[in-house]
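Structure, as structure tokens:
Treat the numbers as computed from the prediction; the structure is a model and nothing was measured. In listed order, ligands and their atoms are each counted from 1. Along the sequence shown, residues are numbered consecutively beginning with 1.
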Amino acid sequence: MEWTAAHMSDVILETHNLTKEFKGFTAVSKVDLSVRRGSIHALIGPNGAGKTTCFNLLTKFLEPTSGSIRFNGTDITREAPAQIARRGVIRSFQISAVFPHCTLLENVRIGLQRRLGTSFHFWRSEKSLSQLDSRAMELLAEVGLQDLAHEITVNLPYGRKRALEIATTLAMEPELMLLDEPTQGMGHEDVDRVTQLIKKVSAGRTILMVEHNMKVISTIADRITVLQRGAVLAEGPYEEVSRNPQVMEAYMGTTDGQLKGAH
Ligand SMILES: Nc1ncnc2c1ncn2[C@@H]1O[C@H](COP(=O)(O)OP(=O)(O)OP(=O)(O)O)[C@@H](O)[C@H]1O
Ligand SMILES: [Mg+2]
């Protein structure tokens with residue numbers, strides 16, 4: 001394929017034949033994934049379909065057995081996880097695990113400091129510390145947590161913790177955010193709140209998310225890729241994918257209903 005300028009600006013992430021084998025078992029099988037810049041792209045599929053493994057390959061948490069990964073037109077297949085993170089591919093709920101006994105503000109500040117990594121000495125001055133705090137407050141405001149800045153993280157309800165994790169991920173300045181089941185284990189209210197939050201923080205960024213909740217997907221996902229037994233079963237917008245008989249079969253074991261999702 002020709003990597004023309006137009007193509008590169010359209011597509012932020014592209015995999016070709018991405019494959020991961022574990023001792024002869026193929027968890028991810030020849031996956032061609034194409035994520036459009038600025039979109040919310042959902043990766044769905046039954047339990048064990050290979051979604052999380054796919055994420056682990058994209059961040060190089062796992063080494064692909066074969067295939068390639070391109071980010072912004074550059075082949076990153078052989079790059080180290082830290083290098084990929086520096087490029088702006090940031091996975092939430094992994095790099096951004098929060099410290100339960102720190103305040104919310106401290107957690108976001110740690111995220112900001114981590115991104116700056118080696119230039120630690122820069123933060124020794126009072127002025128730079130207060131700049132760090134004000135940026136951390138901005139990020140907390142972006143996820144609606146500014147009033148809780150000085151609370152201890154462990155005291156937060158579950159949904160708010162997830163919002164904080166999004167703030168600490170934003171601190172890493174992601175260009176592509178990978179969210180693995182961001183609404184997992186939440187009640188309706190928190191699901192709605194986090195769904196809207198994801199929509200909000202998607203502005204100016206690209207989001208690739210694994211999600212089981214079809215309501216969340218139908219509300220915010222621009223495109224969906226369905227995995228089954230490691231391979232791509234279908235790809236397209238929700239309206240199209242949800243009517244695909246093979247997809248309904250894979251999910252429901254039936255072809256007579258709408259795609260309702262969940263486990
Ligand atoms: N490190 C590993 N070693 C061996 N097999 C693995 C490993 N990691 C994952 N697998 C297998 O690969 C398959 C895909 O797993 P994966 O976790 O990617 O699925 P998933 O789509 O994320 O499922 P879920 O919806 O349950 O999170 C599963 O059969 C799993 O048992
Ligand atoms: Mg998973």
Side-chain angles (χ1 to χ4, degrees), residues 13-35 40-69 76-77 80-81 84-85 89-97 158-159 161-162 165-166 169 174 176-187 190-191 194-195 198 207-221 223-236 238 241-242 244 246-254 259-263:
L13 180 83
E14 189 155 45
T15 69
H16 184 59
N17 270 335
L18 193 62
T19 299
K20 181 64 184 178
E21 289 168 12
F22 295 111
K23 294 180 183 154
F25 171 77
T26 308
V28 173
S29 179
K30 297 185 175 170
V31 166
D32 290 346
L33 189 66
S34 180
V35 178
I40 298 179
H41 194 121
L43 190 59
I44 72 168
N47 292 120
K51 306 177 297 291
T52 298
T53 305
C54 232
F55 270 23
N56 286 333
L57 296 174
L58 296 176
T59 55
K60 288 302 294 295
F61 191 74
L62 287 173
E63 196 66 35
T65 305
S66 57
S68 62
I69 309 164
I76 60 165
T77 320
I84 288 170
V89 180
I90 309 289
R91 175 173 177 172
S92 190
F93 318 134
Q94 181 196 322
I95 294 174
S96 61
Y158 185 70
K161 267 189 205 127
R162 264 3 219 325
E165 285 169 335
I166 289 176
T169 306
L176 173 65
M177 272 175 97
L178 305 178
L179 307 175
D180 196 350
E181 305 198 37
T183 70
Q184 186 190 30
M186 284 182 187
D190 281 340
V191 168
V194 169
T195 304
I198 292 167
I207 293 181
L208 177 61
M209 63 191 291
V210 170
E211 179 59 64
H212 282 288
N213 186 323
M214 286 303 148
K215 183 160 173 271
V216 174
I217 287 168
S218 62
T219 309
I220 59 170
R223 286 187 88 74
I224 304 170
T225 298
V226 187
L227 285 185
Q228 186 187 30
R229 284 185 233 105
V232 175
L233 180 67
E235 217 266 344
Y238 176 81
V241 166
S242 61
N244 180 319
Q246 280 178 297
V247 174
M248 286 192 280
E249 174 115 29
Y251 259 79
M252 316 283 298
T254 150
L259 187 61
K260 293 195 194 74
H263 291 263

Exercise for the section: Look at ligand 1 and say whether Glu181 reaches it with a heavy atom at a distance under 4.0 Å. Expected result: yes

Practice task
Would you please determine whether Gly50 falls within less than 4.0 Å of ligand 1 on a heavy-atom basis?
Solution key: yes

Practice task
Examine Ala49 against ligand 1 and note whether any of their N/O atoms are separated by less than 3.5 Å.
Solution key: yes

Handout entry: Heteroatom distance test (Gly48, ligand 1): nitrogen or oxygen, under 3.5 angstrom
Key = yes

Could you list which atoms of ligand 1 come closer than 4.0 Å to a heavy atom of [X]?
X: Phe25; value: 11 (C), 12 (O), 13 (C), 29 (O)
X: His212; value: 25 (O)
X: Thr53; value: 9 (C), 14 (C), 15 (O), 16 (P), 18 (O)
X: Thr52; value: 17 (O), 18 (O), 20 (P), 22 (O), 27 (O)

Practice task
Would you name the heavy atoms of Ile224 and Ala221 that are closest together and state the gap between them?
Solution key: CG1-CB, 4.4 Å

Handout entry: Heavy-atom closest pair, residues Ile44 and Ile217
Key = CG2-CD1, 3.2 Å

Between the main-chain N or O of [Y] and the side-chain N or O of [X], is there a donor-acceptor pair closer than 3.5 Å?
X: Thr19; Y: Thr65; result: no
X: Lys51; Y: Gly45; result: yes
X: Ser34; Y: Glu14; result: no
X: Thr15; Y: Val31; result: yes

Problem - Nearest option to atom 24 (P) of ligand 1, as decided by whichever heavy atom of Asp180, Val210, Asn47, Leu62 sits closest - result: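 Result: the heavy atom closest to atom 24 (P) of ligand 1 is in Asn47.
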
Problem - Neighbour count above 12 (heavy atom, 6.0 Å) for Arg223 CZ - result: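 It does: Arg223 CZ has more than 12 such atoms within range.
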
Handout entry: Heteroatom N/O/S of Asn47 within less than 2.8 Å of the Mg ion (ligand 2)
Key =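 No.
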
Problem - Intermediate values then yes/no, side-chain contact (heavy atoms from CB on, under 4.5 Å), Ile220 and Met209 - result: CA-CA 11 Å; Ile220 59 170; Met209 63 191 291; 4.0 Å; yes

Exercise for the section: Between Lys23 and ligand 1, find which residue part has any heavy-atom pair under 4.0 Å and reply side chain, backbone, both or neither. Expected result: neither

